[in-house]
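These numbers were taken from a predicted model, which means no experiment stands behind them. Throughout, residue positions are numbered sequentially from 1 according to the sequence presented.
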Amino acid sequence: MTKRVLVTGAASGIGQAQMRAFCRAGYEVFAVDKDVICEQQDNLRTLQLDVTSDLETLFREVSDVDIICNTAGILDGYKPLLEQTTEEMEQLFAINLYAPAQIMRHYLPNMLLRQDGIIINMCSIASFLAGGGGASYTASKHALAGLTKQVALDYANKGIQVFGIAPGAVKTGMTASDFEPGGLADWVAQETPIKRWSLPEEIAELTLFLASGKASSMQGEIVKIDGGWSLK
């Protein structure tokens with residue numbers, strides 16, 4: 001049977017690369033974003049909705065999936081705690097943590113009935129280190145890593161695999177401001193051991209491997225793909 005995969009944040013960046021990779025590999029893909037997804041494939045269905053406020057529409061339109069890629073997320077401009085409002089923090093946690101939790105909670109019961117399912121949450125090097133984002137981003141990605149590990153432990157003997165992917169600097173629309181004059185792009189590349197930013201397609205290739213079932217003895221790993229940044 002064709003595997004069904006849900007990808008959130010699929011209009012651009014890593015989510016878009018994941019969506020395209022799964023389509024090329026022959027999966028039945030459900031792609032979600034608050035922005036329009038400009039892509040057409042026979043095995044692709046797109047939904048424009050906000051995962052923080054309209055999950056009921058998603059759950060009604062996509063009743064069941066075999067693989068979840070919780071990729072949608074936002075940055076916080078590297079702001080320290082005293083420069084962030086409560087509203088900004090709540091919005092960031094709503095997207096980066098609560099939406100993935102609700103999506104997992106909805107689709108897990110059917111996965112458990114089948115004793116089969118793979119969940120891949122988009123963590124970050126900020127799940128391990130300070131400095132990958134501001135206070136809210138770092139806190140939310142630490143929390144998402146913890147949630148990923150706990151769900152992996154709780155359902156490991158029920159046929160459910162749960163992973164996190166922890167990218168470092170990835171060249172996407174979300175990081176476009178770093179490439180503007182005076183931005184961080186050159187400094188980040190110089191400080192990264194491989195001397196460049198990662199590409200969304202590289203994250204997508206790792207996603208395909210984790211989703212393939214070939215990593216059957218891996219569980220709860222937060223896999224870093226950061227050009228060696230965290231080695232320092």
Quiz item: So, R20 and E39, do they make that salt bridge, N to O below 4.0 Å?
Solution: yes
Quiz item: Can a cation-pi geometry be assigned to K171 and F179, taking NZ or CZ under 6.0 Å from the six-membered ring centre and within 45° of the ring axis?
Solution: yes
Quiz prompt | N43 (side chain) donor-acceptor with E28 (main chain) under 3.5 angstrom | solution = no
Quiz item: Just wondering, do W229 and K224 contact through their side chains at under 4.5 Å, heavy atoms?
Solution: no
Exercise. Using modelled atom types only, decide if a donor and an acceptor are shared between the side chain of Q161 and the backbone of A211 within a distance under 3.5 Å.
Key: no
Exercise. Could you tell me whether the side chain of T8 and the main chain of A72 form a donor-acceptor pair under 3.5 Å?
Key: yes
Self-check item: Any donor-acceptor pair under 3.5 Å from T148 side chain to N121 backbone
Solution: no
Quiz item: Is the closest side-chain heavy-atom distance between F128 and I222 below 4.5 Å?
Solution: yes
Quiz prompt | Minimum heavy-atom distance A11-V36, with the two atoms named | solution = CB-O, 3.8 Å
Practice problem: May I ask you to decide if E61's main-chain N or O and R45's side chain share a donor-acceptor pair within less than 3.5 Å? | Solution: yes
Practice problem: Look at the side chain of E88 and the backbone N and O of T85, then say whether any donor-acceptor pair between them is shorter than 3.5 Å. | Solution: yes
Quiz item: In Å and rounded to the nearest 0.5 Å, what is the OG to CD1 distance from S124 to I225?
Solution: 12.5 Å
Quiz prompt | From CA spacing to verdict: side chain to side chain contact (heavy atoms under 4.5 Å, CB included), V65, V62 | solution = CA-CA 8 Å; V65 293; V62 182; 3.6 Å; yes
Quiz item: Going by distance alone, is a donor N or O of one side chain under 3.5 Å from an acceptor N or O of the other, for Q48 and D35?
Solution: no
Practice problem: Starting from the C-alpha separation in whole Å, work towards a yes-or-no answer on side chain to side chain contact (heavy atoms under 4.5 Å, CB included) for S12 and T172. | Solution: CA-CA 7 Å; S12 63; T172 68; over 6 Å; no
Quiz item: Would I37 and I203 show up in the same hydrophobic cluster when neighbours are defined by side-chain heavy atoms closer than 4.5 Å?
Solution: yes
Self-check item: Single-linkage hydrophobic cluster, 4.5 Å side-chain cutoff, I160 and L144 together
Solution: yes
Quiz item: To the nearest 0.5 Å, how far apart are OH in Y27 and CG in L208?
Solution: 6.0 Å
Quiz item: Does a side-chain heavy-atom distance below 4.5 Å link C69 with T207?
Solution: yes
Quiz item: If we only count heavy atoms from C-beta on, is the V170 to L199 side-chain gap below 4.5 Å?
Solution: no
Practice problem: Please confirm whether the backbone N or O of G164 pairs with a side-chain atom of E221, one donor and one acceptor, at under 3.5 Å? | Solution: no
Quiz item: What's the verdict on side chain to side chain contact (heavy atoms under 4.5 Å, CB included) for M218 and L210, showing C-alpha distance, side-chain angles and the deciding distance?
Solution: CA-CA 9 Å; M218 289 177 64; L210 294 176; 4.1 Å; yes
Quiz item: Hey, are Q18 and T71 close enough side-chain-wise for a donor-acceptor pair under 3.5 Å?
Solution: yes
Quiz prompt | Transitive ILVMFWY side-chain link M111 to V5, under 4.5 Å | solution = no
Self-check item: Closest approach of G134 to D76 (non-hydrogen atoms, all atoms of both residues)
Solution: N-OD1, 2.9 Å
Quiz item: When clusters are formed by joining ILVMFWY residues with side-chain heavy atoms under 4.5 Å apart, either directly or through shared neighbours, do L49 and M104 land in the same one?
Solution: yes
Quiz item: Do the side chain of S127 and the main chain of K141 share a donor and acceptor less than 3.5 angstrom apart?
Solution: yes
Self-check item: I14 side, atom CD1; Q16 side, atom CD - distance, nearest 0.5 Å
Solution: 11.5 Å
Quiz prompt | Side-chain heavy-atom pair M19, Q41 within 4.5 angstrom cut-off | solution = no
Self-check item: All pairs passing side chain to side chain donor-acceptor pair (under 3.5 Å) where residues 181-197 contributes a residue, at least two apart
Solution: R196-E202
Quiz item: Taking the side chain as C-beta and beyond, is there a heavy-atom pair between V7 and F22 under 4.5 Å?
Solution: yes
Self-check item: Interatomic distance, H142 atom NE2 to L97 atom CG [nearest 0.5 angstrom]
Solution: 13.0 Å
Practice problem: Not counting sequence neighbours, list each pair that qualifies as a side chain to side chain donor-acceptor pair (under 3.5 Å) and has a residue in residues 95-106. | Solution: N96-S140
Quiz item: Side chains of F163 and I118: does their closest heavy-atom pair fall under 4.5 Å?
Solution: yes
Quiz prompt | Audit row: K149, D154, salt bridge (Lys or Arg N to Asp or Glu O under 4.0 Å) steps and yes/no | solution = CA-CA 9 Å; K149 292 177 182 179; D154 291 342; over 6 Å; no
Self-check item: V162 and Y155, any side-chain heavy atoms less than 4.5 Å apart
Solution: no
Quiz item: Looking only at atom types and distance, does a side-chain atom of N110 sit under 3.5 Å from a main-chain N or O of D64, one as donor and one as acceptor?
Solution: no
Quiz item: Which heavy atom of A126 sits nearest a heavy atom of G133, and at what distance?
Solution: CB-N, 4.5 Å
Practice problem: Considering non-hydrogen atoms only, spot the tightest contact between I95 and G73 and give its length. | Solution: CG2-CA, 3.6 Å
Practice problem: Would you give the length of the straight line joining atom CG of D226 to atom CG of L231, rounded to the nearest 0.5 angstrom? | Solution: 6.5 Å
Self-check item: Test side chain to side chain contact (heavy atoms under 4.5 Å, CB included) applied to I67 and R4, step by step
Solution: CA-CA 6 Å; I67 301 160; R4 300 157 294 184; over 6 Å; no
Quiz item: For the residue pair S136 and F93, what are the closest heavy atoms and their distance?
Solution: O-CE1, 3.8 Å
Quiz item: How long is the span from the CG atom in L6 to the CD1 atom in I68, to the nearest 0.5 Å?
Solution: 6.5 Å
Exercise. Would you check if the side chain of K34 reaches a backbone N or O of G9 as a donor-acceptor pair within less than 3.5 Å?
Key: no
Practice problem: Determine whether I119 and V51 fall in the same hydrophobic cluster, where Ile, Leu, Val, Met, Phe, Trp and Tyr are linked whenever their side-chain heavy atoms lie under 4.5 Å apart. | Solution: yes
Practice problem: Of all the heavy-atom pairs spanning G228 and P193, show the shortest one and how long it is. | Solution: O-CG, 3.2 Å
Quiz item: Would K158 and D116 pass as an ion pair if we require N to O under 4.0 Å?
Solution: no
Quiz item: Between F59 and Y107, does the ring centre distance come in under 6.0 Å?
Solution: yes
